[in-house]
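What follows is a short report on a single structure.
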2 protein chains.
Amino acid sequence: MDYANVAERREQPPALAVSTVIFALREDGNVGRKTLWLPLVRRTREPFKGRWALPGGPLGARQSLQDAAAANLLATTGLVPQYLEQLYAFGGLDRSPSRRVVSIVYWALVRGDGPAPGGAGPGGALREDPNVAWYRAEDPAVLADLAFDHRQIVEYALWRLRNKVEYGSIAHRLLGERFTLAQVREVYEAVLGRALDPANFRRQLRGTPDIEATDEFLQGGKHRPPRLYRYTGDTTPAATGPPLPQHPAQAAPPRQASHPEHHPALHETDTP
Amino acid sequence: MDYANVAERREQPPALAVSTVIFALREDGNVGRKTLWLPLVRRTREPFKGRWALPGGPLGARQSLQDAAAANLLATTGLVPQYLEQLYAFGGLDRSPSRRVVSIVYWALVRGDGPAPGGAGPGGALREDPNVAWYRAEDPAVLADLAFDHRQIVEYALWRLRNKVEYGSIAHRLLGERFTLAQVREVYEAVLGRALDPANFRRQLRGTPDIEATDEFLQGGKHRPPRLYRYTGDTTPAATGPPLPQHPAQAAPPRQASHPEHHPALHETDTP
DNA sequence: GGAATAGTGTCTCTGAGACATTATGAA
DNA sequence: TTCATAATGTCTCAGAGACACTATTCC
């Protein structure tokens, strides 16, 4: 045994936190198309004071993991998630320069094509917190300046979103109650980053039973008014347990494996 | 604010644990085919004393999450994982009747068509722990008797495995260095639970560049000796950490607005 | 009518599954 | 020779993509 580092043996256990990557769809002033945006929170303390970070906080003693994620989503944006799913548990030793923190991260989709270009952002007219701001989720400059390992976290969340939208009915959670097929296609194009054939896309969507045609049409356009559709499937805002539905997406790339050497003391299975 | 429950405010924070669902492939005496097995640990204390549970334990202060998973895998089976991936973080309030525990669960694949029918199991010749035993992973009776919420955890792990094997090259991690195509097919059939057409399966496998034919043949069979193949892809024993994103994406979609309600207390972003 | 988008029809290509056929070694 | 499995070939069908074509509205 190694008793060299006595201080190490006295360390407090890793802290537990819950953070959330929140995506909304929003008109991009520069590009003129819709892009993915996310709210960030400016840190007011060290470490990374002044930098932008994902909203998050400690896990309340009487809070489920998902409740904690929804809670800091509400606190940050004033919004309720249309979709909420656990992303990953990040537990690296050096995530924070101070105390070790294990973060269980969720990702969420919210509606809201809100106002406030430089300010509150989607749905944020009510809020005037200078320490909260919305940014383009795929802006490299934004990602590069994030605190902690939040850049990796956001990039992984984007990857998950893309793989989820590929086969799932996720798009309507970024849209309103009624939508045109072209709007759904725009969501897919925004997330996947490529143009889709309108005719084939329409055929696919009409094949899914959860998208139902209404007898309304979107007026006010310059040309022929498109029919409005609505989503008739499950609209529970959050996915509770582990996600059992649908198909797989992609395999996870490897990173490294560290294997201990001998099997020292026997397993102590005193915890679930 | 509600200061009613003073005891609640004194509660210690949730404990953090890491558990692992370990799968191996093994000949089933009754059925004559290979099936999935997993090692369980008998609890020696309350709660659930005497019941079987997943191997696990607290997270060491100087241990990454995957190290902790690999460590209790080694302690339980004496084996090193051929594959290791984070499964999910379980944090329900009532998982344990005593203190609240948040478990970060990994799932693993190990090789070993080991000995010891009722005993140590795959690769377990070295160990003689009466509190460790291997069981059929899909045996309802086994699942029904597990401690805590481990039944749900194993079922979710099985679901992940099935979805992973569908398109990934996972099978070779349950096999040895060289294998026949029929063996790979057996793995798929065991995991997916259905028979596969040998001809079509062969065609698909030969299409993947990571499976390479050797000039050896498996001798000793009763009939025509099948050719041996080997895996030439990535063999890092563990795939941990989130997958790294690949492509960028763009945005451009619909129009809609939803307005939020109120915004309670402000976020406290003091943790990653 | 012209422009632009909504919406339909049709062709091809590809991959999966069903299944017939040939090859080869052991008993 | 017979048997069982290895290995290959062929047919069909369904879904995805490419793309031509019609429909409807505003200007």
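All chains are named by letter (A, B, ...) in the order of the sequence lines, taking the proteins before the strands, and each is independently numbered beginning at 1.
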Evaluate the criterion salt bridge (charged side-chain N to carboxylate O under 4.0 Å, His left out) for residue pair E85(A) and R173(A); output intermediate values, then yes/no. CA-CA 13 Å; E85(A) 180 189 310; R173(A) 307 194 117 109; over 6 Å; no

Any side-chain heavy atom of [X] sitting closer than 4.5 Å to one from [Y]?
{"X": "T180(A)", "Y": "L228(A)", "answer": "yes"}
{"X": "V142(A)", "Y": "W52(A)", "answer": "no"}
{"X": "R230(B)", "Y": "E216(B)", "answer": "no"}
{"X": "I211(B)", "Y": "Y231(B)", "answer": "yes"}
{"X": "Y135(A)", "Y": "L143(A)", "answer": "no"}

Which residue, R227(B), R202(B), E186(B), forms the side chain to side chain contact (heavy atoms under 4.5 Å, CB included) with L181(B)? R202(B)

Mind listing the residues from residues 196-205 of chain B sitting with a heavy atom below 4.0 Å of DNA chain C? Number order is fine. D197(B), A199(B), N200(B), R203(B), Q204(B)

Contact span of DNA chain C against chain A, any nucleotide atom under 4.0 Å from a heavy atom, 5' to 3', runs dA3(C) to dT10(C)

Residue set satisfying side chain to side chain donor-acceptor pair (under 3.5 Å) with E189(B), at least two apart, ordered chain then number -> R185(B)

Contact nearer the 5' end of DNA chain C, comparing T180(A) with R224(B): T180(A)

For [X] and [N], what is the distance between atoms [atom1] and [atom2] respectively, to the nearest whole Å?
{"X": "R227(B)", "N": "dA7(D)", "atom1": "CZ", "atom2": "P", "value": "7 Å"}
{"X": "H223(B)", "N": "dT1(D)", "atom1": "NE2", "atom2": "C1'", "value": "14 Å"}
{"X": "E186(B)", "N": "dT5(D)", "atom1": "CD", "atom2": "P", "value": "11 Å"}

